[in-house]
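These notes are about the structure you will find just below.
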Protein chains: 2
Amino acid sequence: MQQRFSYQREQIYAALQQTTEHPTAEMIYARLKPEMPRLSLGTVYRNLRQLAQDGQVTELSGPVARFDPVTRPHTHFCCTRCGAVSDLDIPYDGSLDQIAAGDGRHVRQHSLTFYGLCPACANENKSNSK
Amino acid sequence: MQQRFSYQREQIYAALQQTTEHPTAEMIYARLKPEMPRLSLGTVYRNLRQLAQDGQVTELSGPVARFDPVTRPHTHFCCTRCGAVSDLDIPYDGSLDQIAAGDGRHVRQHSLTFYGLCPACANENKSNSK
DNA sequence: AGCATTATTGGTAATTGTTACTATTACTTT
DNA sequence: AAAGTAATAGTAACAATTACCAATAATGCT
């Protein structure tokens, strides 16, 4: 008897699976709060951390943590203007990890993230800057 | 008349250039404090941010920000045990940015970071786990 | 050199994202 | 149904970072 069923955890995981925007803990909290008025933000953080430890979810590092229901490694795009994070269809090249090894390093994985302007923000910039 | 000379900013930049450990703001503060007893942590943060905006310094994203005096893009290795960050000699492939473009995205750059155990921590683990 | 202007600092307070704590709630087994 | 104990809600604590503001100091002018 170790891990119990929890309606909150289920809903948090479901909410994460239903979106592709790599939400923060706050975003998930905001989405669930209307339907679960007694939900606590701490519960969201606690369960996301637990899900990440269990390997059901990936945590993306950054000034504020974002979460991804896709656990197989893949590449991300991050808009430097609005902060949105999305997936890219660039294949994950696991062989890079071997290239990075050496000097006694143990390489487990890597993260590849592109930065720039998302379509929406690229348009905005065009109109505003003239 | 816009940007003035500042002894503090010079020292902060110099301290960053003299190391390869990608220090945090706190680490730079700790290094300079003995020689500059009146230095304020806020000043370190403020100047690092400014240097980053001016493109003299790169800010590495993570739960706590680290700084790099090398501004040309290159790859990093981050030890998941001790948190140390170091440089890797894997060449930066700028052509990836073109591959990542599409759907109206404007890709400016990318970041490639490897995760695993640094040599020291890999050894530690070996001895401790038996 | 002296003075006026204003970027920069130091010190502290405020903010933000996240974690810890604890009494209460609610799964699960018997 | 009762006992045992994960998990929650609510709040407090915490750590990293930013904002604020009076004092300081770099710059430009005379």
Side-chain angles (χ1 to χ4, degrees), chain A residues 1-16 21-68 78 80 82-85, chain B residues 1-16 21-68 78 80 82-85:
Chain A
M1 180 202 312
Q2 277 265 24
Q3 168 140 325
R4 298 188 176 168
F5 170 87
S6 148
Y7 179 72
Q8 287 86 338
R9 180 162 48 241
E10 284 240 320
Q11 293 303 306
I12 289 167
Y13 184 51
L16 187 56
E21 63 175 345
H22 307 77
T24 66
E26 291 269 5
M27 290 164 80
I28 293 179
Y29 175 70
R31 180 151 318 169
L32 293 177
K33 187 69 171 177
E35 326 242 314
M36 303 170 66
R38 308 209 40 180
L39 179 66
S40 171
L41 181 56
T43 299
V44 177
Y45 274 105
R46 184 167 6 92
N47 280 297
L48 285 173
R49 204 191 329 154
Q50 189 177 122
L51 289 168
Q53 278 176 349
D54 295 352
Q56 301 192 65
V57 150
T58 303
E59 179 176 348
L60 310 183
S61 85
V64 338
R66 289 175 165 265
F67 295 87
D68 193 334
C78 178
T80 53
C82 70
V85 177
Chain B
M1 179 204 312
Q2 278 266 23
Q3 168 138 327
R4 297 186 178 172
F5 169 88
S6 149
Y7 178 72
Q8 288 84 339
R9 180 161 48 240
E10 285 239 321
Q11 293 304 305
I12 289 166
Y13 184 51
L16 187 55
E21 63 176 345
H22 307 78
T24 65
E26 291 269 5
M27 290 164 78
I28 293 179
Y29 174 72
R31 180 151 316 172
L32 293 178
K33 186 69 171 177
E35 326 243 314
M36 303 170 67
R38 309 208 40 178
L39 179 64
S40 170
L41 180 56
T43 299
V44 177
Y45 273 106
R46 184 166 5 91
N47 280 297
L48 286 173
R49 204 191 328 152
Q50 188 176 122
L51 288 168
Q53 278 175 349
D54 295 353
Q56 301 191 65
V57 149
T58 303
E59 179 176 349
L60 309 183
S61 85
V64 340
R66 288 174 165 266
F67 295 87
D68 194 333
C78 178
T80 52
C82 71
V85 177

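Residue numbering restarts at 1 for every chain, and letters A, B, ... go by the order of the sequence lines. Any value given below was found using the heavy atoms of this structure, including those in side chains, with hydrogens, waters and symmetry copies removed.
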**Prompt:** Would you call A/Glu26-A/Lys33 a salt bridge at under 4.0 Å N-O?
**Reply:** no
Quick one: side-chain hydrogen bond (donor to acceptor under 3.5 Å, both in side chains) partners of [X], sequence neighbours excluded?
X: A/Gln50; value: A/Arg9
X: B/Tyr45; value: none
X: B/Arg49; value: none

I'd like a list of close polar pairs between nucleotides 14-17 of chain C and the protein, N/O only, cut-off under 3.5 Å.
none

**Asked** Of all heavy-atom pairs between B/Tyr13 and B/Gln56, which one has the smallest distance, and what is that distance?
**Response** CE1-O, 3.7 Å
In whole Å, I'd like the distance from the [atom1] atom of [X] to the [atom2] atom of [N].
X: A/Met27; N: C/dT18; atom1: CE; atom2: C1'; answer: 17 Å
X: B/Asp54; N: C/dA7; atom1: CG; atom2: C1'; answer: 14 Å
X: B/Gln11; N: C/dG10; atom1: CD; atom2: P; answer: 12 Å
X: A/Ile28; N: C/dT18; atom1: CD1; atom2: P; answer: 11 Å

**Item:** Gap separating the CG atom of B/Leu48 from the OH atom of B/Tyr29, nearest 0.5 angstrom
**Value:** 13.5 Å
Please write out each protein N/O paired with an N/O of nucleotides 7-14 of chain D under 3.5 Å, distance rounded to 0.1 Å.
from	atom 1	to	atom 2	distance (Å)
D/dA7	OP1	A/Arg4	N	3.1
D/dA7	OP1	A/Arg9	NH2	3.2
D/dA7	O3'	A/Ser6	OG	3.4
D/dT8	OP1	A/Ser6	OG	2.8
D/dT8	OP1	A/Asn47	ND2	3.1
D/dT8	OP2	A/Arg46	NH1	2.3
D/dT8	OP2	A/Asn47	ND2	3.4
D/dT8	O3'	A/Gln8	NE2	2.9
D/dA9	OP1	A/Gln8	NE2	3.2
D/dA9	OP1	A/Arg38	O	3.1
D/dA9	OP2	A/Ser40	N	3.2
D/dA9	OP2	A/Thr43	OG1	2.7
D/dA9	O5'	A/Arg38	O	3.1
D/dA9	O3'	A/Arg38	NH2	3.4
D/dG10	OP2	A/Arg38	O	3.4
D/dG10	N7	A/Ser40	OG	3.2

**Request:** Answer yes or no: is there a donor N or O on one side and an acceptor on the other, between the side chain of A/His22 and the main chain of A/Phe67, under 3.5 Å?
**Result:**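 Here the side-chain-to-backbone pair does not exist.
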**Message:** Can you list everything that forms a salt bridge (Lys or Arg N to Asp or Glu O under 4.0 Å) with A/Glu10? Sequence neighbours excluded, please.
**Reply:** none
